[in-house]
Trainee: 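Okay, handing you the structure first.
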Amino acid sequence: MAFAWKAAGLTYNRYLAIAARVVRRSLKEGPRLQAERRGEMDLRFAKWQGGKQGENKSLGAANADAMAEHATGEAK
């Protein structure tokens, strides 16, 4: 049986994120603000080279930088 989210080309995690956002937006003002704060997430990562951890970077910022770099045609 095919699921609607699969037919739409979504991953299960993306489907859950969209469903959670819809539920949070449907709440009244007070509970909605609390739920939105709980839903915020900041993913960070660090590259390891030669057994040493590099600088911690925000995943969102790193993705935005990579997309901008790719758009301008620059390569590292």
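The figures that follow rest on heavy atoms only: side chains count, while hydrogens, waters and symmetry mates do not.
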Trainee: Take a 6.0 Å sphere around CD of Gln49 and say whether it holds more than 12 heavy atoms from other residues, nucleotides or ligands.
Mentor: no
Trainee: Is the count of non-hydrogen atoms from other residues, nucleotides or ligands lying under 6.0 Å from Arg14 atom CZ greater than 12?
Mentor: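 Atom CZ in Arg14 is not packed in, count stays at 12 or less.
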Trainee: To the nearest 0.5 Å, what is the distance between CE (Met67) and NE2 (His70)?
Mentor: 9.0 Å
Trainee: Which heavy atom in Ser58 sits nearest to a heavy atom in Phe45, and how many Å separate them?
Mentor: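 Of all heavy-atom pairs spanning Ser58 and Phe45, the closest is O-CE2, 4.2 Å.
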Trainee: What pair of heavy atoms forms the shortest contact from Gln53 to Asn56, and how long is it?
Mentor: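 Scanning both residues, the minimum pair turns out to be NE2-OD1, 3.1 Å.
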Trainee: Which heavy atom in Ala46 sits nearest to a heavy atom in Gly54, and how many Å separate them?
Mentor: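 Minimum heavy-atom contact is CB-O, 3.7 Å.
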Trainee: As an exercise, state the distance from CZ of Arg24 to CZ of Arg32, rounded to the nearest 0.5 Å.
Mentor: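 The CZ atom of Arg24 sits 11.0 Å away from the CZ atom of Arg32.
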